[in-house]
Each structure stands twice: as structure tokens, then as C-alpha cells.
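Just so it is clear, the model here is predicted, and its values are computed rather than measured. Heavy atoms only: backbone and side chains are in, while hydrogens, waters and symmetry mates are out.
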Amino acid sequence: MDNTQTSKYFFSDFKISKAGVFIAAIIDVLANIVGIIVAIYGDKEIGKIIIIIAVAALLLVVAAVTINFFRAGKAIRLYRHAAFDKQNIITSDFHHILHSIRNITQSLANTTYNTDEELKKSFEKDERELCNKIEEMYKKLFDRPTSVCIKMLQADDLASEDYKKWQITTFARGFNSSGGIKGERGKNDHKLIPVERNSDFLIIIEDIVDFFVSEDMTDIRQKFQDTYQRVYTNSREDNEKNNKEKERFSDYYNSTIVIPIRIESRFLGDSNSNLKKYHLLGFFCIDTVDAFKTREELDKFYIGVEYAKAVADALYNQISGYLGRFIDLRIKAKKAKQSIKDTNITASEQQAKVSNADTLSESD
């Protein structure tokens with residue numbers, strides 16, 4: 001029995017017992033009133049009988065309350081055990097996720113790649129599998145399907161401080177985030193999106209907030225305006241559906257967690273940062289179709305926020321390692337291409353000299 005089932009069992013059982021207690025209490029009160037009236041104004045023997053009935057009803061109330069107390073205690077213990085078991089499974093999953101991040105990071109450092117494209121394909125595959133694992137963990141935590149993706153800045157933006165020109169792309173999505181087999185949600189992942197088109201990213205980049213979360217995005221535009229005095233924008237609404245209508249982010253998600261993948265500049269030594277306080281590589285994003293409304297749902301949501309922060313921290317070194325190798329391979333490819341070009345030019349020049357020499361010889 002999982003904690004949700006235990007919870008339902010407990011509250012259902014409580015309602016039945018409460019109804020029984022209520023009926024017994026009514027009988028007790030009425031019987032006492034009638035018994036007293038009869039004892040004073042009528043047959044005292046009948047009054048005694050009615051009072052005895054009232055006492056029996058009172059005993060029934062006491063018994064019902066006692067039984068319900070023990071049942072409630074048992075149900076609460078079951079609920080707590082089920083919740084503990086569930087959290088134990090989730091923390092074990094989280095441990096395996098950190099294992100995967102470590103292993104991918106190590107593999108990046110020790111594997112030989114001939115081209116930047118070869119490296120990119122390999123890393124994309126690893127990150128998709130990682131997102132799948134994270135989706136499974138969050139599905140258990142949130143008790144609903146969850147979508148996970150990793151968004152990365154373009155390599156050319158990593159050292160640029162002009163964030164208004166930055167562009168971002170969705171590097172990897174989990175299976176659920178991609179839209180399942182149809183993959184409808186991920187169809188525009190290859191597009192470069194200006195970070196300015198996403199308020200979620202922009203208020204993090206401008207250091208207004210450390211991260212952006214919304215457990216219920218139903219009235220996000222008004223909430224955003226009230227909180228930050230800004231108009232809320234979402235690049236999802238720049239896309240068109242098959243019928244040429246604009247997409248709505250609410251078609252895909254109504255809660256979101258956006259955590260920056262970054263490190264404080266002071267830990268980078270002589271390396272350049274692209275922001276005053278941080279070096280930002282991208283964003284780790286989690287969302288669900290359904291909003292979080294009840295107290296229990298909100299508790300789970302904010303536990304999920306803390307897990308997301310830990311994952312984003314672990315992703316920094318991994319993605320930093322990938323981008324470092326990617327840029328190195330790209331530079332080497334450009335140098336090799338330029339070298340071939342220079343060699344061809346030199347060969348052409350030599351051939352031209354030989355041809356000119358032959359022409360002069362024939363003239364002589």
C-alpha cells in the first residue's frame with residue numbers, strides 16, 4: 001500500500017467512525033433530555049430506563065472515540081511508514097542519478113573523439129538517458145508524469161557578457177518531455193532561442209532571483225507582473241501549431257522549476273565569467289502538466305526544487321567539461337581546414353611558378 005492509498009484509507013475510515021460517534025451522541029443527548037422530563041413529570045421507572053439507554057449511548061460514544069483513536073494511530077503509522085519507504089526509494093534513485101552524472105563526466109574526459117559532431121552526438125545520448133532517469137524519480141516524488149530537459153547556451157556566448165544577445169537551445173529532453181513517441185514538444189529543440197524571449201531565464205540572468213519556480217502557472221502573467229513589475233514572456237508562444245495557431249505553454253505545462261547551471265566567478269580563478277557574479281552554462285528545467293494546489297502537493301513540489309538544485313550543481317562540471325572539449329575540437333577542425341587550405345594555396349603557387357618557368361623556357 002503506497003502513502004496515497006494509506007491516506008485515502010485513513011480518512012475514509014475516520015469519516016465512517018465520526019458518523020457513528022455523531023449519531024450515538026445525538027441519541028445520548030435526546031435520551032437524557034427525554035429521561036429527565038419523564039422522570040420529573042411522568043413515570044419514573046420509564047425515566048430510569050431512558051436514562052440507562054442514554055448512559056449506554058454515552059458508553060458507545062466513548063467506545064467509538066477510543067476505537068477511532070487507535071485506528072487513526074495505526075493508519076498514521078502506516079502512512080508514515082509508506083511515506084518513509086517512498087522517500088527511501090526516491091533518495092536511492094537520486095543517488096543513482098548522481099552516479100550517472102559522475103560516470104558521464106569521467107567518460108567525457110577519457111574518451112577519444114575525432115570531431116566535435118561525434119562528441120556532441122555521444123553526449124546528447126548520455127544526457128537524454130540521464131533526463132529519463134530524472135523524470136522517473138520525479139514521477140515517484142510528484143505522483144504524476146514529469147518532464148525534464150537541459151538547456152544550454154551557445155558556445156560563442158560562454159565568454160560574452162552581453163546577455164541580451166545570448167541564444168539558448170534545448171540540448172536534451174527526457175522521453176516524457178519530448179512528448180513521448182510522437183515527440184511533438186521537442187520538434188523545435190534545434191532552434192536557437194534568444195534568452196530575452198523567456199522571462200524565466202532573464203530574471204535569473206539579471207540576478208533578480210536565484211532560481212524561478214511556479215507551482216501553479218494559471219495566472220502567471222498577473223503574478224509575474226505583480227511580483228517583478230514585468231510582462232511575462234515565453235518563447236514557446238513564438239511557435240506555430242500545424243493549424244498555424246500560436247502554441248501556448250499551458251498546453252505542455254502548468255508548473256515549472258528552472259535552476260541555473262552555473263558557478264560563482266570567484267571559484268574560476270583566472271577564467272572569464274559571462275556574468276558579474278557567475279559563469280552560466282544553461283538551465284536545468286522540470287515541469288508538469290498539472291499544477292500543484294494542495295498542501296501535500298506543495299510540500300512535494302518544494303522538495304523537488306531542492307533536488308533540482310543539487311542536480312544543477314552537479315551538471316555544471318559535466319557540461320563545462322563537454323563544452324571545453326567541444327570548443328577544442330572545433331578549433332582543431334578549423335585549424336586543420338585552414339592548414340589544408342594553406343597547403344592547397346602553396347601547392348597552387350608552386351604549380352604556377354613551375355608553369356611560369358616552363359613558359360619562360362619555351363620563350364627562350
Taking the side chain as everything from C-beta on, heavy atoms only, tell me whether [X] gets closer than 4.5 Å to [Y].
X: Val213; Y: Val258; answer: no
X: Trp166; Y: Phe201; answer: no
X: Asn176; Y: Val148; answer: no
X: Tyr228; Y: Ile203; answer: yes
X: Arg230; Y: Ser199; answer: no
X: Phe94; Y: Val311; answer: yes

Working for side-chain hydrogen bond (donor to acceptor under 3.5 Å, both in side chains), residues Thr169 and Lys151: CA-CA 6 Å; Thr169 186; Lys151 296 183 182 289; over 6 Å; no
Please answer whether the main-chain N or O of [Y] pairs with a side-chain N or O of [X] as donor and acceptor at a distance below 3.5 Å.
X: Tyr163; Y: Glu196; answer: no
X: Ser107; Y: Asn103; answer: no
X: Thr91; Y: Gln87; answer: yes
X: Ser265; Y: Lys277; answer: yes

In sequence, state the C-alpha distance, the side-chain angles, and the governing distance for Ile286 and Tyr307, and then conclude on side chain to side chain contact (heavy atoms under 4.5 Å, CB included). CA-CA 11 Å; Ile286 300 170; Tyr307 277 124; over 6 Å; no
Does the pair Asp219 and Arg221 meet the rule for a side chain to side chain contact (heavy atoms under 4.5 Å, CB included), with working shown? CA-CA 6 Å; Asp219 299 316; Arg221 299 186 192 285; over 6 Å; no
Heavy-atom neighbours of Lys309 NZ exceed 12 at 6.0 Å: yes
Lys223 atom NZ, over 12 foreign heavy atoms within 6.0 Å: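 Yes, the 6.0 Å shell around NZ holds more than 12 heavy atoms from other groups.
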Can you tell me how far [atom2] of [Y] sits from [atom1] of [X], rounded to the nearest 0.5 angstrom?
X: His95; Y: His99; atom1: NE2; atom2: NE2; value: 3.0 Å
X: Ile97; Y: Cys131; atom1: CD1; atom2: SG; value: 10.0 Å
X: Leu268; Y: Ile263; atom1: CG; atom2: CD1; value: 5.5 Å

Using ring-ring contact (aromatic ring centres under 6.0 Å, His included), reason through Phe171 and Phe283 one step at a time and then give a plain yes or no. CA-CA 10 Å; Phe171 187 80; Phe283 298 92; over 10 Å; no
Begin with the C-alpha distance, continue with both residues' side-chain angles, and end with the deciding distance and a verdict on side-chain hydrogen bond (donor to acceptor under 3.5 Å, both in side chains) for Thr146 and Thr288. CA-CA 5 Å; Thr146 304; Thr288 64; over 6 Å; no
Evaluate side chain to side chain contact (heavy atoms under 4.5 Å, CB included) for Ile168 paired with Gln154, printing each intermediate quantity in order. CA-CA 6 Å; Ile168 199 165; Gln154 287 301 287; over 6 Å; no
Do Lys121 and Asp126 pass the salt bridge (charged side-chain N to carboxylate O under 4.0 Å, His left out) test, and can you show the C-alpha distance, the side-chain angles, and the key distance before you say yes or no? CA-CA 9 Å; Lys121 286 182 179 178; Asp126 289 339; over 6 Å; no
Distance-only check: which donor-acceptor pairs under 3.5 Å involve side-chain atoms of residues 112-120, not counting sequence neighbours?
{"unit_1": "Thr115", "atom_1": "OG1", "unit_2": "Glu118", "atom_2": "N", "d": "3.1"}
{"unit_1": "Glu118", "atom_1": "OE1", "unit_2": "Asn114", "atom_2": "N", "d": "3.0"}

For salt bridge (charged side-chain N to carboxylate O under 4.0 Å, His left out), just list the numbers for Glu297 and Arg144, CA-CA rounded to whole Å, side-chain angles, deciding distance to a tenth of an Å, and then say yes or no. CA-CA 11 Å; Glu297 289 175 345; Arg144 66 191 66 186; 3.2 Å; yes
Here's one to test your reading of the geometry: is the NZ or CZ of Arg262 within 45 degrees of the ring axis of Tyr278 and under 6.0 Å from its centre?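 Yes - Arg262 lies over the ring of Tyr278, closer than 6.0 Å to its centre and within 45° of its axis.
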Apply the test side chain to side chain contact (heavy atoms under 4.5 Å, CB included) to residues Tyr232 and Asp200: give CA-CA distance (whole Å), side-chain angles for both, the deciding distance (0.1 Å), then the verdict. CA-CA 8 Å; Tyr232 182 78; Asp200 309 16; 2.9 Å; yes
Could you walk me through whether Glu215 and Tyr302 satisfy the side-chain hydrogen bond (donor to acceptor under 3.5 Å, both in side chains) test, starting with their C-alpha distance in whole Å, then the side-chain angles of each, then the deciding distance to 0.1 Å, before giving a yes or no? CA-CA 9 Å; Glu215 67 275 7; Tyr302 284 101; 2.8 Å; yes
Centre-to-centre under 6.0 Å for Tyr316 and Phe284, is that the case here? no
Could you check whether Phe142 and Phe292 have their ring centres less than 6.0 Å apart?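 Yes.
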Please lay out, stage by stage, how Lys332 and Asp328 fare under the test salt bridge (charged side-chain N to carboxylate O under 4.0 Å, His left out). CA-CA 6 Å; Lys332 287 179 182 178; Asp328 286 344; over 6 Å; no
For the pair Phe224 and Phe212, name the ring-plane relationship: parallel under 30°, tilted 30 to 60°, perpendicular over 60°. perpendicular
Test side-chain hydrogen bond (donor to acceptor under 3.5 Å, both in side chains) applied to Glu136 and Asn132, step by step: CA-CA 6 Å; Glu136 286 302 313; Asn132 286 339; over 6 Å; no
Which residues satisfy the side chain to side chain donor-acceptor pair (under 3.5 Å) test with Ser214, sequence neighbours excluded? none
Under the rule for salt bridge (Lys or Arg N to Asp or Glu O under 4.0 Å), what residues qualify as partners of Asp93, not counting sequence neighbours?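 For Asp93 the salt bridge (Lys or Arg N to Asp or Glu O under 4.0 Å) partners, ignoring immediate neighbours, are Lys140.
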